[in-house]
Amino acid sequence: MAPVPVLRSWSLGLQGGQDPTAGRQSIVLGPAELARAAALAPGPRAVFVAGRRALRRFAAELLDVPASDLTTHFSCPRCGSGPELSHGRPGYTLRGEPLPLALSLSRSSGWILLGAVVDPPAGVTMGLDLADPSGMAFEGFDGVALTAAERAALAGMAGPLLLQARARLWARKEAWLKMTGDGLATAPDTLDVLSRPEIRDLAAGEAGLPLKFRAAVAVSRGGS
């Protein structure tokens with residue numbers, strides 16, 4: 001049986017909610033994260049920083065260690081791994097030892113979704129994604145994002161139902177690609193996610209998310 005991830009959501013505080021790090025001990029990001037933040041415009045910078053602070057606190061609280069003692073250690077299939085990376089699969093070390101966590105992070109429309117598998121078996125990774133159906137209305141979405149089988153499954157849908165179905169499939173694709181570490185190096189219209197046992201759709205409102213969102217989590221099988 002696949003491990004069950006811990007899921008948590010927060011409002012990023014940018015649309016009337018609260019920043020999950022507000023009023024608490026200051027959380028310092030790693031040098032690579034700070035450099036990436038500095039290159040962003042103010043709006044995207046605030047979203048990036050709040051998300052990374054929330055992820056660091058989430059990891060620290062799961063293992064009951066100080067967030068200030070964690071060192072960023074992200075990994076990327078193309079770029080390697082280490083504290084100098086600010087992208088890829090999230091991870092941290094504590095006094096030089098990797099944290100026993102498989103982590104993932106997603107942001108959408110002022111909200112953040114975090115997930116972790118604690119003490120993951122060897123080879124187990126995870127990915128999750130959060131999608132707002134209102135962002136799926138642009139012309140040409142189906143052609144660039146969906147496989148032929150997925151387009152056939154959505155045939156005849158229109159209006160809000162179509163947008164929700166698109167958001168569901170997009171969340172499943174992103175969750176899968178984060179789990180594998182491939183990201184959008186894999187063309188989304190070549191990845192069919194209609195039926196994959198490693199992917200689970202989150203129920204409406206699960207993890208405290210607003211009902212409008214569609215979200216998915218993917219957990220790999222050990223040794224894969």
Side-chain angles (χ1 to χ4, degrees), residues 5-76 79 81-120 125-132 135 171 174-175 177-179 181 183 202 206-210 213 215-217:
V6 179
L7 302 175
R8 190 173 300 172
S9 71
W10 281 295
S11 165
L12 286 174
L14 303 179
Q15 294 184 352
Q18 277 202 325
D19 184 331
T21 66
R24 302 181 181 180
Q25 178 183 0
S26 176
I27 298 178
V28 178
L29 302 185
E33 293 174 306
L34 293 173
R36 180 172 171 181
L40 298 172
R45 181 187 306 139
V47 172
F48 174 80
V49 169
R52 289 301 178 87
R53 284 177 173 168
L55 179 65
R56 185 177 291 256
R57 179 171 291 281
F58 178 56
E61 290 179 349
L62 285 173
L63 298 180
D64 194 23
V65 298
S68 58
D69 290 353
L70 301 185
T71 299
T72 307
H73 196 92
F74 280 48
S75 61
C76 170
C79 305
S81 62
E84 69 280 359
L85 291 186
S86 65
H87 69 277
R89 183 176 290 128
Y92 299 97
T93 59
L94 177 65
R95 293 184 286 276
E97 294 296 323
L99 291 190
L101 294 173
L103 293 163
S104 191
L105 159 71
S106 184
R107 312 174 190 88
S108 181
S109 300
W111 280 79
I112 178 173
L113 178 63
L114 303 174
V117 173
V118 182
D119 291 323
T125 58
M126 72 160 296
L128 54 75
D129 195 65
L130 180 63
D132 185 344
E174 285 273 26
L177 293 172
K178 290 177 182 179
M179 180 195 76
L202 271 63
E206 187 173 345
L209 290 167
F213 285 113
V217 59

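Predicted, not measured: the structure shown is a model, and the values here were computed from it.
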Chemist: Please report, to 0.1 Å, the donor-acceptor pairs under 3.5 Å made by any side chain of residues 31-49, with sequence neighbours excluded.
Modeler:
| unit_1 | atom_1 | unit_2 | atom_2 | d |
| --- | --- | --- | --- | --- |
| E33 | OE1 | G30 | N | 2.8 |
| E33 | OE1 | R56 | NH2 | 3.1 |
| E33 | OE1 | T72 | OG1 | 3.1 |
| E33 | OE2 | R52 | NH1 | 3.0 |
| R36 | NH1 | S86 | O | 2.7 |
| R45 | NE | A37 | O | 3.0 |
| R45 | NE | L40 | O | 3.4 |
| R45 | NH2 | L40 | O | 2.6 |

Chemist: Would you say that L63 contacts V118 through its side chain, given a criterion of any heavy-atom pair below 4.5 Å between the two side chains?
Modeler: yes
Chemist: Drop me the distance from S109's OG to L209's CG, to the nearest 0.5 angstrom.
Modeler: 11.5 Å
Chemist: Please report the shortest heavy-atom distance between S104 and G127, naming the atom on each side.
Modeler: OG-CA, 3.4 Å
Chemist: Taking all heavy atoms of W111 and all of S9, pick out the closest pair and write down the distance.
Modeler: CZ3-OG, 3.9 Å
Chemist: If we only count heavy atoms from C-beta on, is the M126 to P120 side-chain gap below 4.5 Å?
Modeler: no
Chemist: Nearest 0.5 Å please: distance from the CG atom of L103 over to the CZ atom of R89.
Modeler: 10.5 Å
Chemist: For a quick test of reading the model, state the closest non-hydrogen atom pair linking A116 to L62 and the distance between them.
Modeler: CB-CD1, 3.5 Å
Chemist: Take L202 and F213, measure what side chain to side chain contact (heavy atoms under 4.5 Å, CB included) needs, and give me the verdict at the end.
Modeler: CA-CA 9 Å; L202 271 63; F213 285 113; over 6 Å; no
Chemist: First locate atom CG of L55, then atom OG of S106, and finally report the distance between them rounded to the nearest 0.5 Å.
Modeler: 11.5 Å
Chemist: Once you round to the nearest 0.5 Å, how far does CE of M179 lie from CG of L128?
Modeler: 12.0 Å
Chemist: Determine whether V6 and F58 make a side-chain contact, defined as any pair of heavy atoms from C-beta on separated by less than 4.5 Å.
Modeler: yes
Chemist: Of all the heavy-atom pairs spanning P5 and V217, show the shortest one and how long it is.
Modeler: CG-CG2, 3.8 Å
Chemist: Indicate the atoms forming the closest heavy-atom contact of A175 with A216, along with that distance.
Modeler: CB-O, 3.6 Å
Chemist: Could you give the distance from CG (L29) to CG (L70), rounded to the nearest 0.5 Å?
Modeler: 11.5 Å
Chemist: Are H87 and C76 side-chain neighbours, meaning at least one heavy-atom pair lies under 4.5 Å?
Modeler: yes
Chemist: Kindly indicate whether the side chain of L113, heavy atoms from C-beta on, has any atom under 4.5 Å from the side chain of L105.
Modeler: no
Chemist: Would you give the length of the straight line joining atom CG of L99 to atom OG1 of T93, rounded to the nearest 0.5 angstrom?
Modeler: 7.0 Å
Chemist: Would you say the side chain of L101 lies within less than 4.5 Å of the side chain of Y92, judging by non-hydrogen atoms?
Modeler: no
Chemist: Applying salt bridge (charged side-chain N to carboxylate O under 4.0 Å, His left out) as the test, list every pair that has at least one member in residues 100-110; sequence neighbours left out.
Modeler: none
